[in-house]
Amino acid sequence: MKPLVLIVEDEAPLVTLLRYNLEREGFAVEEAGDGEEALLRIAERRPDAVLLDWMLPLVSGLEVCRRIRRAPATRALPVIMLTARGEEGDRIRGLDSGADDYVVKPFSPSELVARLRAVIRRAQPDLADDVLRYADVAMDLTAHRVSRAGQPIHLGPTEFRLLRHFLQNPGRVFSREQLLDRVWGHDAELEIRTVDVHIRRLRQALNGKGGSELLRTVRSVGYALDAAG
Ligand code: CA
């Protein structure tokens with residue numbers, strides 16, 4: 001899953017530039033044009049990191065950062081402050097408010113991306129590990145390999161994405177509609193039945209060598225990765 005970055009900035013051309021660079025580097029991007037909107041968006045859907053401009057209308061970037069740090073749900077959310085000011089006093093105030101890092105405009109996009117990756121890695125060390133595991137299943141995201149009890153399993157691309165989604169959300173039940181949305185994508189115009197077809201293929205691949213059932217069918221709801229099921 002792509003790491004989600006919330007850009008909080010009121011200068012549209014800079015937002016466009018940031019979005020372009022971040023998407024090219026494999027991030028998903030959301031935008032907020034002011035501090036109030038930023039706090040609403042964060043409450044709605046927690047990003048993996050926030051790029052926060054210092055100079056914002058309504059609520060300043062510093063105040064947004066303080067509020068992010070005060071709320072228990074977002075205390076550990078990585079924040080990088082963006083600012084045109086380069087003075088040491090401002091730098092220290094920015095870090096005092098709880099920002100994890102600080103980038104002075106104009107900045108190079110590649111440096112910003114490197115800093116973003118670093119703060120996300122520090123906040124989520126398990127993301128650095130490119131192997132997802134559940135019970136005796138392991139998925140190596142870098143090598144695109146899956147194994148069960150050490151034996152390689154060959155999956156088609158859709159089954160791979162489906163299993164990755166379950167491994168990233170173990171134990172959670174997903175409806176067929178949710179799976180279509182999250183695994184196939186928003187604009188997929190597919191029938192619900194498609195999900196059942198790929199679940200069946202995934203099961204056959206996972207259980208082919210005699211393993212116990214890992215994908216639980218929750219009657220009239222959907223499916224979950226659940227070793228106890
Ligand atoms: Ca601004």
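Every heavy atom of this structure was used, including side-chain atoms; hydrogens, water molecules and symmetry mates were not. As the structure lists them, so they are numbered: ligands from 1, and atoms in each ligand from 1. The shown structure was predicted, so the numbers you read here are calculated from the model rather than taken from an experiment. We're numbering straight along the sequence, starting at 1.
- Taking the charged nitrogens against the carboxylate oxygens, K2 and E23 have no contact shorter than 4.0 Å, which rules out a salt bridge.
- A salt bridge links D136 with R148: at least one charged nitrogen is closer than 4.0 Å to a carboxylate oxygen.
- Panel detail: the Ca ion (ligand 1) has protein N, O or S atoms under 3.0 Å away, 4 in number.
- With E30 as reference, L4 is the one residue of V8, L4, V50 to meet the side chain to side chain contact (heavy atoms under 4.5 Å, CB included) rule.
- With respect to E11 and K105, a salt bridge is recorded, a charged nitrogen being found less than 4.0 Å from a carboxylate O.
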Distance-only donor-acceptor hits, side chain of residues 106-116, under 3.5 Å, sequence neighbours excluded:
| from | atom 1 | to | atom 2 | distance (Å) |
| --- | --- | --- | --- | --- |
| S108 | OG | S110 | OG | 3.4 |
| S108 | OG | E111 | N | 3.1 |
| E111 | OE2 | R115 | NE | 3.1 |
| E111 | OE2 | R115 | NH2 | 2.5 |
| R115 | NH1 | D101 | OD1 | 2.9 |
| R115 | NH1 | D101 | OD2 | 3.3 |
| R115 | NH1 | Y102 | O | 2.8 |

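- V79 approaches C65 most closely through the heavy-atom pair CG1-SG, 4.0 Å.
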